[in-house]
Amino acid sequence: MGKITGRMNNENEVSFKNIMFNGLLKKNPILVSGMVIAPVVMICNSLANALTLAAAFSVITFFTLLVSYFVPKNIVYTIRIIMYTFIGALVYVPSAIMLNYFIPEGIEAMGVFFPLLIANGMIVFRSETIFFQESKGHMLFDIIFCILGYDAAVILYGFIREILGSGTIFGKIIGMPMVFSGFENPFGGFILLGIMAALLRVILLTIKRMGQK
């Protein structure tokens, strides 16, 4: 009995490690899966804006998925998708009030991209294909690390983009010898996102090769 329990604990530990690795790196929602990239490219030209997007995405996505878990799975697929969006709209109202209280300027800068988060890809697609097929514990853990993976990528992206595009951090000049203002516009932001995705792919391939040795 003890051996069986120990084996189950080891399997759960490996499973949770895989969830962490997948959420943060291997299946990163933005750098690998390309989810919710429009607000990143359009508004995250500074670290402050990136932090605002990360906060808004985290709050809306987490609570929408948490409530959506209880939607009956015997309902027609199309109706379920509509219900997820409806739940997201309900979550949006208190989220907007809270975030507008703490970071009003940041939320205002997001414009239309803030309410559009209620229909982001992680809610609409991953809920059906991954999250709701897991046990409650694994689902919660998976959601948390997928959100953290998205947030980490967005914050790093905003940090790099602000340094390269304007030579500042939080609007304060840091004495960069050269800046590339093109990174401040959406086209430059898209290029930077592509570079980061390519670098992550190189890192993942390196990790895979090291594991095969």
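The hydrophobic clustering, which links ILVMFWY residues whose side-chain heavy atoms are closer than 4.5 Å, places Phe190 and Ile30 together.
Residue Ala55 comes nearest to Leu99 through the heavy atom pair CB-CD2, 4.3 Å, listed as atom of the first residue, atom of the second, then distance. Across Ile87 and Ser68, no two heavy atoms sit closer than the pair CD1-OG, 3.7 Å. Taking all atoms of both residues into account, the shortest heavy-atom contact from Leu200 to Asn28 is CD2-CB, 4.1 Å.
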Could you please spell out the steps behind the side chain to side chain contact (heavy atoms under 4.5 Å, CB included) verdict for Lys26 and Val32? CA-CA 7 Å; Lys26 187 177 180 180; Val32 176; over 6 Å; no
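Only one option out of Phe63, Phe86, Phe114 pairs with Tyr92 in a ring pair (Phe, Tyr, Trp, His ring centres under 6.0 Å); it is Phe114.
Residue Phe159 places its CZ atom among 12 or fewer non-hydrogen atoms of other residues, nucleotides or ligands, all under 6.0 Å distant. For Leu205, the CG atom sits in a packed shell: over 12 heavy atoms of surrounding residues, nucleotides or ligands are nearer than 6.0 Å.
Taking 4.5 Å as the limit, some side-chain heavy atom of Val40 sits within range of a side-chain heavy atom of Tyr150. Proximity of Phe183 to Glu162: side-chain heavy atoms (C-beta onward) are nowhere separated by under 4.5 Å.
Taking the ring centre of Tyr69 as origin, the terminal cationic atom of Lys73 falls inside the region bounded by 6.0 Å and 45° from the ring axis.
Checked by atom type, the side-chain pair Thr61/Asn120 shows a donor-acceptor distance below 3.5 Å.
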